Amino acid sequence: MPGDDRLEQLRQRTRYAPADVESGVFGRWEDARIFHPEPEGDASENFSIAIPPPNVTGVLHMGHALNGSIQDVVIRLKRMQGRRSKWIFGTDHAGIATQVQVEKQLATEGSSRQEIGREAFVGRVWEWRERFGSTIVEQFKRLGASADYEDERFTMDDEYVRAVMHVFVRLYEKGLIYRDNYMVNWDPGLGSAISDLEVEQRNVEDVLYSIDYPLESGSGSITIATVRPETMLADTAIAVNPDDERYTRLIGETAILPLVGRRLTIIPDDYVDPDFGTGALKITPGHDPNDFEIGRKHGLEVVSAIGEDGRMTADAGEQFAGMEVEAARQAVVAALDEQGLISARRPYQHDVPYSHRSGRRIEPLISLQWFCDMDKLAEPAIAAAKDGRLRFHPEKPWTKVYLDWLENIRPWCVSRQLWWGHQLPVWYCDDEAHTYVGEKAPDKCPECGGPVTRAPDVLDTWFSSALWPFATLGWPKETPQLAAFYPTDVLVTARDIIFLWVARMVMMGVEFTGELPFTDVPITSVIQAPDGRRMSKSLGTGIDPLDEIDEHGADAVRFGLLAMSSTQDVRYSEKRVKQGSDLANKLWNASRFVILNVDEVAAEPRPETVEDRWILSRLERATDDITALLESFQFSRAALALYDVLWGEVCDWYIELVKPRLYDKEADRSALSANLLHVLERVLTLLHPLMPFVTEEIWSFLPGERGLLAASGWPESNSAAIDPDAERVVGDLIEAVTAVRRWRDEVRVPAAKRVRARIAADGYEKTAAHLAQLARLELLEGEVNGDVETSVAIPGGAVQIYGAEDIDAGEAEKRRQEKREQLKGEIKRAKGKLANEQFVSKAPPEVVQAERDKLARFQAELEELGE
RNA sequence: GGGCGGUUAGCUCAGUUGGUCAGAGCGCCUGCCUUACAAGCAGGAGGUCGCCCGUUCGAGCCGGGCACCGCCCACCA
């Protein structure tokens with residue numbers, strides 16, 4: 001139990017100061033090691049969440065803060081519900097992002113990765129990781145995240161790397177991973193291929209050139225339209241629609257490619273839209289994805305005019321070789337102009353692929369890369385969502401979004417020309433005549449016995465991320481961790497990585513463990529800047545959650561984020577965070593009031609009065625509601641429901657109702673004390689998953705030995721305490737108090753003035769004293785001299801006011817008249833509705849009855865108000 | 001080109017299967033330093049639920065259309 005000095009300290013702390021308590025509270029949790037479960041039991045009885053691993057170079061942003069808050073709510077709830085709960089924590093090596101960071105650092109030293117070489121560079125990245133890798137971990141702690149920090153993982157850990165190698169080799173052996181010359185999205189900024197998902201379309205304005213290609217026959221020319229004249233150097237055909245009468249006679253003829261002189265056959269293909277441009281399409285299989293397909297279909301030659309260095313190749317011709325693409329375009333246009341071959345140019349807006357990584361325009365080109373065939377892997381991932389084993393929250397529209405993508409999935413280019421990442425477990429003979437794929441390096445080529453060299457490429461970061469839920473638990477070894485916590489239960493993420501990550505985890509999880517890696521996927525809001533733009537550093541629209549924590553406290557930030565989030569994107573609202581800090585302060589003060597005023601007793605409630613029964617009933621309902629809302633991932637509604645219960649019901653009404661009893665030092669206050677403590681204890685418990693710091697701090701001031709709130713039990717709802725009678729009686733009381741207060745305010749009764757009155761209404765037998773106290777009435781008993789001055793309508797009748805000298809009589813009568821009119825209107829409306837035979841016969845009986853009850857009530861109130 | 005979402009109080013947003021006079025926070029107005037909290041208490045004003053048709057006894061909620069705004073997917077030069 002708290003000592004006198006602690007209580008004195010509490011008495012003096014009239015405001016909740018998050019900065020003074022948060023680190024201490026977090027330290028208590030860490031010391032108690034309650035975030036670290038031992039791996040016992042199996043996954044069906046235990047509960048686990050794998051965090052979307054933040055980039056090891058990252059810093060906490062609003063997305064993390066919301067996502068982390070949600071996961072923490074879920075894991076704390078389950079932990080309190082008695083499940084052995086593990087929040088799997090760690091960081092992602094984030095190949096490209098990290099490599100870019102370290103390259104920047106090298107650039108400031110006047111060096112480069114090429115200069116220091118691969119081995120030294122990778123060493124530098126590891127150094128970087130040692131120095132800065134813990135930043136984001138500490139930031140998650142600031143948020144209060146109850147992850148298992150004792151068991152932190154990193155996607156480049158030795159064990160994790162082994163899992164990645166194992167998966168690659170197994171997929172290769174199954175024939176799902178293969179090497180191919182194929183059209184890829186080449187990112188000239190990174191000097192690497194990237195996947196389709198890392199490409200974004202941007203709308204830009206280009207010039208659409210019309211270029212005349214002379215016919216070999218000498219009888220005129222055929223005109224094509226293009227926005228990329230420089231790629232003409234790699235043209236190998238011209239296509240027209242077979243039904244396009246303008247060109248049917250030319251099909252099979254040959255045109256001569258200007259500047260190059262190559263002979264281009266004019267071929268028919270349905271792909272060509274006769275209505276676009278000139279209706280004739282230059283075919284460049286080496287640099288356009290469509291043309292690549294057409295080229296394959298027609299067996300066309302493939303010419304690569306642009307190289308992986310982003311410059312024109314020798315095949316582009318002596319005149320252009322070595323030029324940057326932009327320069328080559330100018331040069332080609334100039335050369336064509338010289339020959340008078342450009343017959344038109346007009347501005348043209350269209351979508352063009354850009355690299356999401358480097359921001360550079362994608363150069364589609366043909367490259368020898370490693371691909372993963374996804375069709376077979378997708379099948380069970382599709383089935384799982386279709387039969388409901390995998391559930392998105394909300395189900396619409398994400399289930400369909402997920403399925404649409406999987407049902408149209410294409411091969412995944414998994415190799416990257418980077419240095420930081422999981423190097424492919426692939427070895428080539430020196431001339432690449434033989435390829436060996438295996439988890440261990442061969443001494444020599446198994447086929448020819450020659451020396452081997454490891455493939456320089458690394459894997460797409462998302463390849464390793466796809467294994468996160470099980471590779472973090474020791475897979476492919478059958479570890480106790482894996483048995484206890486895999487499959488995980490819930491995966492919390494924003495929609496932007498449903499394809500990049502979620503779907504791939506599902507596919508890899510099923511393929512390699514035979515089980516779905518998780519079953520429930522709540523999709524979170526994206527938090528936008530207050531002006532509706534994207535939050536981003538480059539736009540200057542970012543808001544740092546740590547600044548917000550410093551200013552308002554972690555609980556406030558968590559509450560604010562949870563309250564503002566929904567299934568929609570939302571603008572960041574500092575007001576919601578403020579609401580959270582107000583709530584923390586309110587809870588703090590209500591708790592001070594209770595703790596400093598109760599007699600020290602156990603917290604087993606003993607209802608004595610109707611308000612006791614009322615609050616206990618309301619709390620049970622709240623317990624049910626909050627539990628259901630949290631379990632169905634409706635965090636915003638849960639947050640606001642908690643706010644209403646604590647602020648509205650507990651503070652505004654229950655505490656106010658019991659004050660007279662509490663201040664009566666003569667009375668036996670043990671039952672009331674028990675009830676107050678019970679109410680406080682319940683509120684703290686329900687609020688703890690959302691606002692862990694302030695609730696834990698207050699918990700430590702409660703009498704008795706309780707241990708940590710974070711390790712306490714979650715309440716089972718007790719339906720025996722539900723008391724509709726008490727809820728009705730106190731509900732009416734609340735309405736009546738409010739009605740009288742409104743009247744007082746409107747007729748300008750001085751705030752402190754007690755008004756003589758009597759209650760002419762049923763249902764206030766137990767609450768008359770409360771009504772008198774809260775509405776500042778002096779209740780008259782027996783026969784009363786003098787006339788009723790006025791009356792105020794309350795549920796079940798009215799309060800009659802006697803000789804209140806201070807009231808504004810005109811205002812009072814005006815007020816009564818307005819109320820009469822309003823009641824008459826309602827009565828007319830209700831009567832009309834009930835007179836409608838269709839309504840009475842077709843609406844459900846309870847709806848009709850409710851309408852009748854309402855009518856009776858309005859009529860009673862009108863009668864009490866008189867004429 | 002497909003698909004999806006939004007449009008509710010001055011602002012930011014809730015409104016679960018259609019059924020009490022449509023809600024919250026903030027802001028605004030009025031009155032209160034009432035011994036937990038002035039980061040508070042009490043009260044109030046403010047909305048043709050984007051527009052049009054329809055289904056229904058009854059529509060913010062369901063169906064059709066329209067208008068703006070936004071997002072995702074997509075290989076029309």
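Proteins come first, then strands; the chains are lettered A, B, ... in the order of their sequence lines, and each starts at number 1. As the structure is a computational prediction, the values presented were derived from the model and not from experiment. Heavy atoms only: backbone and side chains are in, while hydrogens, waters and symmetry mates are out.
Look at A:Thr738 and you'll find a side-chain N or O under 4.0 angstrom from OP1 or OP2 of B:G43. Listed pair A:Arg571 / B:U12 meets the phosphate criterion, a side-chain N or O lying under 4.0 Å from OP1 or OP2. Between A:His350 and B:C76 there is no side-chain N or O to OP1 or OP2 distance below 4.0 Å. Between A:Thr226 and B:A77, a side-chain N or O to OP1/OP2 separation shorter than 4.0 Å is absent.
Separating the P atom of B:G10 from that of B:C49 is a span of 13 Å, rounded to the nearest Å. Comparing the C1' positions of B:C21 and B:U7 gives a spacing of 25 Å, expressed to the nearest Å. Taking the P atom of each, B:G15 and B:G50 are spaced 15 Å apart, rounded to whole Å. Between B:U48 and B:G60, the distance separating the two P atoms is 13 Å to the nearest Å. Distance check on atom C1': B:C62 versus B:U16 gives 15 Å, rounded to whole Å. Taking atom C1' in both B:G6 and B:C66, one finds a spacing of 16 Å when rounded to whole Å. Comparing B:G63 with B:C73, their P atoms sit 26 Å apart, to the nearest whole Å. Across B:C52 and B:A59, the matching C1' atoms stand 15 Å from one another, rounded to whole Å.
A:Asp569 places its CG atom 10 Å from the P atom of B:A14, with the value rounded to the nearest Å. Taking atom CG of A:Leu771 as the reference point, atom P of B:A42 lies 16 Å away to the nearest angstrom. Protein atom CD of A:Gln634 is 13 Å distant from nucleotide atom C1' of B:U17, rounded to whole Å. We find that CZ of A:Arg857 is positioned 13 Å from C1' of B:C21, with the value rounded to whole Å. One atom, CG of A:Asp496, and another, C1' of B:C71, lie 12 Å apart when rounded to the nearest Å. When rounded to the nearest whole Å, the span between CZ of A:Phe635 and C1' of B:C13 equals 18 Å. In this structure, CZ of A:Phe559 is placed 20 Å from P of B:U12, rounded to the nearest angstrom. Going from atom CD of A:Glu851 over to atom C1' of B:G19 covers 9 Å, rounded to whole Å.
Within 4.0 Å of A:Ala843, counting heavy atoms only, lies at least one base atom of the nucleic acid. Residue contacts for A:Val272: at a heavy-atom cut-off of 4.0 Å it reaches a base atom on one of the strands shown. Heavy atoms of A:Asn836 sit under 4.0 angstrom from primed sugar atoms or phosphate atoms, though from no base atom. In this structure, A:Phe292 reaches neither bases nor backbone, as no heavy-atom distance under 4.0 Å exists between it and the strands shown. Residue-level contact check: A:Pro844 touches the bases, meaning some heavy atom is under 4.0 Å from a base atom. Note on A:Ser566: only backbone sugar-phosphate atoms sit closer than 4.0 angstrom, heavy atoms only; bases stay farther off.
Candidate nucleotides B:G6, B:C4, B:G19 were compared by shortest atom distance to the side chain of A:Pro397, and B:C4 ranks first. When the nucleotides B:G5, B:G44, B:U56 are ranked by their closest atom to the side chain of A:Gln568, B:G5 comes out on top.
With respect to the salt-bridge test (charged N to carboxylate O, under 4.0 angstrom), the residues A:Glu363 and A:Arg361 do not qualify. Ion pairing between A:Arg621 and A:Glu649 fails under the 4.0 Å rule for side-chain N and carboxylate O. Between A:Lys586 and A:Asp582, no side-chain nitrogen of the basic residue sits less than 4.0 Å from a carboxylate oxygen of the acidic one, so the salt-bridge criterion is not met. Salt-bridge formation is not detected for the pair A:Asp853/A:Arg728: no Lys NZ or Arg NE/NH1/NH2 atom is positioned less than 4.0 Å from an Asp or Glu carboxylate oxygen. Under 4.0 Å is where a charged nitrogen must lie from a carboxylate oxygen, and between A:Asp569 and A:Arg495 at least one such pair does.
Of the nucleotides present, B:C4 is the one that pairs with B:G70 by Watson-Crick or G-U wobble criteria, both distances under 3.5 Å. Base-pair partner of B:U17: not found among the strands shown (Watson-Crick or G-U wobble, both distances under 3.5 Å). Searching all strands for a Watson-Crick or G-U wobble partner of B:A9 with both distances below 3.5 Å returns nothing. Base pairing of B:A42 is made with B:U30, judged by Watson-Crick or G-U wobble geometry with both donor-acceptor distances under 3.5 Å.
The number of heavy-atom neighbours closer than 6.0 Å to NZ of A:Lys659, taken from other residues, nucleotides and ligands shown, is above 12. Taking a 6.0 Å sphere around CD of A:Glu735, one finds it holds more than 12 heavy atoms contributed by other residues, nucleotides or ligands. Summarising the local packing, CZ of A:Arg534 is surrounded by 12 or fewer heavy atoms from other residues, nucleotides or ligands at distances under 6.0 Å.
Residues A:Tyr348 and A:Phe276 place their aromatic rings such that the two centres sit under 6.0 Å apart. Centroid-to-centroid, the aromatic rings of A:Phe392 and A:Trp398 stay 6.0 Å apart or farther.
Along RNA chain B, the nucleotide closest to A:Ala563 and the one closest to A:Leu208 are compared, and the more 5′ of them pairs with A:Ala563. Comparing A:Glu746 and A:Lys400 along RNA chain B, the residue whose closest nucleotide (by nearest heavy atom) sits nearer the 5' end is A:Lys400.
By the 30° and 60° cut-offs, the orientation of the rings of A:Phe292 relative to A:Tyr182 is perpendicular.
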Inset, instruction - Report, as a single string ordered 5' to 3', how protein heavy atoms within less than 4.0 Å touch nucleotides 23-39 of chain B: B base, S sugar-phosphate only, - not at all. - result: -BSS-------B-BB-B
Inset, instruction - I would like to know whether A:Glu198 and A:His356 meet side-chain hydrogen bond (donor to acceptor under 3.5 Å, both in side chains); could you show each step before the answer? - result: CA-CA 5 Å; A:Glu198 292 164 303; A:His356 197 72; over 6 Å; no
Between the protein and nucleotides 72-75 of chain B, list every N/O to N/O distance that falls short of 3.5 Å.
unit_1 : atom_1 : unit_2   : atom_2 : d
B:A74  : N6     : A:Asp351 : OD2    : 3.0
B:C75  : OP1    : A:Arg410 : NH1    : 3.1
B:C75  : OP1    : A:Arg410 : NH2    : 3.4
B:C75  : O2'    : A:Asn290 : OD1    : 2.7
B:C75  : O2'    : A:Asn290 : ND2    : 2.3
B:C75  : N1     : A:Asn290 : OD1    : 2.8
B:C75  : O2     : A:Asn290 : OD1    : 2.1

